[in-house]
Asks: 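Shown below is the structure under consideration.
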Amino acid sequence: MTLISEYPPLKPIPNFPGYSISQDGTVYSSRKSTNGTPKEVKVSSRGKVTLTGPGWQRQRYPKDIVAEVWKTEVIK
């Protein structure tokens with residue numbers, strides 16, 4: 001059994017209910033988990049994560065989400 005304390009500090013991603021992100025850019029979904037604990041979202045070969053909901057799907061770069069959520073500067 002995984003304990004919540006094993007996860008880094010997470011912040012919810014605005015406009016994407018059920019998704020959170022750590023400051024290091026790891027995206028977690030509580031929606032895809034069977035026991036309610038955050039589950040890591042896989043990064044595609046193009047470096048994006050897919051966020052889904054009822055009737056919508058978006059692909060975003062984790063670094064852009066980190067910049068938005070954690071208010072950090074994106075290094076290109």
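These numbers come from a predicted model, not from an experiment.
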Asks: At what distance, to the nearest 0.5 angstrom, does OG of S22 lie from CD of E40?
Replies: 8.5 Å
Asks: Under a 4.5 Å cut-off applied to non-hydrogen side-chain atoms, are T26 and I21 in contact?
Replies: no
Asks: Nearest 0.5 Å, please: how far is OG in S30 from NZ in K39?
Replies: 12.0 Å
Asks: Mind listing the closest non-hydrogen atom pair of Q23 and V66 along with its distance?
Replies: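 Minimum heavy-atom separation between Q23 and V66: O-CG1, 3.8 Å.
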Asks: If the condition is side-chain hydrogen bond (donor to acceptor under 3.5 Å, both in side chains), which residues does S20 pass it with, not counting sequence neighbours?
Replies: none
Asks: Okay, side chain of Y19, backbone of T52: is any donor-acceptor separation there less than 3.5 Å?
Replies: yes
Asks: With sequence neighbours left out, write down each residue that passes side-chain contact (heavy atoms from CB on, under 4.5 Å) with V49, or none if nothing qualifies.
Replies: V27, V41, V43, L51, P62, I65
Asks: Minimum heavy-atom separation for Y28 and P38, please, with both atom names.
Replies: CB-CB, 3.7 Å
Asks: In this structure, would V69 and F16 fall into the same cluster of hydrophobic residues linked by side-chain contacts under 4.5 Å?
Replies: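 Same cluster.
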Asks: Tell me, please, which residues at least two apart from S45 pass side-chain contact (heavy atoms from CB on, under 4.5 Å).
Replies: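 Checked S45 against side-chain contact (heavy atoms from CB on, under 4.5 Å); zero matches.
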Asks: Look up atom CZ in R58 and atom CD1 in I13, then write down how far apart they are to the nearest 0.5 Å.
Replies: 13.5 Å
Asks: Quick one: pull up CG in D24 and CH2 in W70 and give me the separation to the nearest 0.5 Å.
Replies: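 Between D24 CG and W70 CH2, I get 9.5 Å after rounding to 0.5 Å.
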Asks: Sequence neighbours excluded, which residues qualify as side-chain hydrogen bond (donor to acceptor under 3.5 Å, both in side chains) partners of R60?
Replies: E68
